[in-house]
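Notes to accompany the following structure.
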Amino acid sequence: EAYDTWPDLRWYGDDSTAYDYQMSYELKSESGWSDLLDLIYTLNFNINSIETILNVDRTLWFFAASTVMPDLDAYNGFYIHNYYLYQTKDGLFQMIPWDLDNSFSGAIMGFDFWSPSNIYEYDPYFTGPSLGGSTQPWEERPLLYKLLNHPQYRKIYTAHINAIIEESLDTSMIRSNIDNLQYLAYNAANQDNNKSFSMIDYHENVNNAIWTNWGFGGILSTVNERKQFLLNHPEISLVSPTIDNVMLTNNLVTAEVFNANVVELMATTSEYNSKFQSFVMLDDGTNGDVVANDGIYSSALPFQSNGLEIKFYIRAQNNDAMTLFPERAEYEFYTYSVVSG
């Protein structure tokens, strides 16, 4: 069999040399092939155990950020590469982005097969195939396919997309950052005798696309078009629950939640801020909940007996969508330090 030349995380057997073929994968440490193969095997054949070896939430953040920009030169873009896998001491692999030079419709987009609408309206739930070597999406990029076809992970991914749109696609803030960077780089760019573009392009491509030979979508033009497309996307725009007034009182976590049929307290004591566990939050007047059906959900804070710092956040979902609180969870969360007597 001719092996793929993309680091697609497909299973090619338990011989590590298959994964090193034509430098699809490059080991940066003295050992680790067996751990990588464990990840790939689990992904392809035991997806229900994927959280034991992959930080799924961080991976979904990676995919969400890539698709919002968009950076189509990534695992969940057109090409299936440009990432590191780093295994932290909690045993979980972290997916780390690399080579972001094609963000905001960069030079990857040749007119041979792209048009502006294809870029600005790239399907945020696309799982393949795109490279022509596979007949089924799950064969081409199994990590993306398996996660986005898992109902829970798909909702988390969508929640992350909405958080990034709300927080990071403020065009006035982006404009200000660009102005500062352009000022800092102007002299170096102007004095570069080998530059491929004019100083007019240096300024013009911030606001507008340059569609000659290769397509340069423009930073703000891409942000504006992409933002409108995503906000109007039928799945991204589904109505999600609301979460407010999260409080911890007498070891009871409460939150005001509406438009949800499942509310969870996600908690961990991991020093690596991972492996959060789910604890049901109720609004039925039992287990510490004071008043039934008042929109205030309650759960006892777990893990208090071990004396470690407890990290937690709230997760609420309905049949359509999910909300996390804080919105940056699991990257951000609440903390509670147990006071030993």
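- A salt bridge links Glu26 with Lys28; the closest basic N to acidic carboxylate O contact falls under 4.0 Å.
- Using a 30° and 60° split on the angle between ring planes, Tyr19 and Trp33 fall in the tilted class, from 30° to 60°.
- The pair Glu140-Arg10 fails the salt-bridge criterion, with no side-chain N (NZ, NE, NH1 or NH2) lying under 4.0 Å from an Asp/Glu carboxylate O.
- When only modelled atom types and interatomic distance are considered, Thr323 and Ser240 share a side-chain donor-acceptor pair under 3.5 Å.
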**OP:** Determine, step by step, whether Ile310 and Thr335 satisfy the side-chain contact (heavy atoms from CB on, under 4.5 Å) criterion, reporting the C-alpha distance in whole Å, the side-chain angles of both residues, the deciding distance to 0.1 Å, and the verdict.
**Re:** CA-CA 6 Å; Ile310 303 166; Thr335 59; over 6 Å; no
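- For an aromatic pair to be called close, the ring centres must be under 6.0 Å apart, and Phe126 with Tyr122 satisfies this.
- Residues Ser274 and Asn55 have side chains that never bring a donor and an acceptor to within less than 3.5 angstrom of each other.
- Other residues, nucleotides and ligands contribute more than 12 heavy atoms inside 6.0 Å of the CE atom of Met199.
- Of the N and O atoms on the side chains of Ser176 and Asp179, not one donor lies less than 3.5 Å from an acceptor on the other residue.
- Side-chain atoms of Thr67 and Arg226 include a donor-acceptor pair closer than 3.5 Å.
- Sorted by first and then second residue, the ring pair (Phe, Tyr, Trp, His ring centres under 6.0 Å) pairs involving residues 288-319 (not counting sequence neighbours) are Phe276-Tyr313, Phe279-Phe303, Phe312-Tyr334.
- Among the candidates Leu43, Asn44, Thr42, the single residue satisfying the side-chain contact (heavy atoms from CB on, under 4.5 Å) test with Ile40 is Asn44.
- For Glu332, the salt bridge (charged side-chain N to carboxylate O under 4.0 Å, His left out) partners are Arg328, not counting sequence neighbours.
- Take Glu327 and apply the side chain to side chain contact (heavy atoms under 4.5 Å, CB included) test, not counting sequence neighbours, and it matches Ala163, Glu166.
- Cluster annotation: Leu27 and Met95 are assigned to the same hydrophobic cluster (Ile/Leu/Val/Met/Phe/Trp/Tyr, side-chain heavy-atom contacts under 4.5 Å, transitive).
- Looking at His160 and Trp61, their side chains do bring a donor and an acceptor atom within 3.5 Å of each other.
- Between Tyr83 and Ile96, the closest side-chain pair of non-hydrogen atoms is not below 4.5 Å.
- Counting heavy atoms from C-beta on, the side chains of Pro302 and Leu265 come closer than 4.5 Å.
- Judged purely by atom type and a 3.5 angstrom limit, Tyr120 uses its side chain to pair as donor or acceptor with the backbone of Gly217.
- In this structure, a donor-acceptor pair under 3.5 Å is present between the side chains of Asp8 and Tyr12.
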Original post:
Passes side-chain contact (heavy atoms from CB on, under 4.5 Å), Ile314 versus Leu324? Steps please.
Top reply: CA-CA 6 Å; Ile314 310 299; Leu324 307 174; over 6 Å; no
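- Around the OH atom of Tyr86, the shell of radius 6.0 Å holds no more than 12 heavy atoms that belong to other residues, nucleotides or ligands.
- Under 3.5 Å, the side chains of Asn318 and Asn261 contain no donor-acceptor pair of N or O atoms.
- Summarising the geometry, atom OH belonging to Tyr79 is positioned 12.5 Å from atom CG belonging to Asp71; distances are rounded to the nearest 0.5 Å.
- Taking the six-membered ring for Trp and thresholds of 30 and 60 degrees, His233 and Tyr125 have ring planes inclined between 30 and 60 degrees apart.
- His81 and Asp99 share no donor-acceptor pair across their side chains, judged by distance under 3.5 Å alone.
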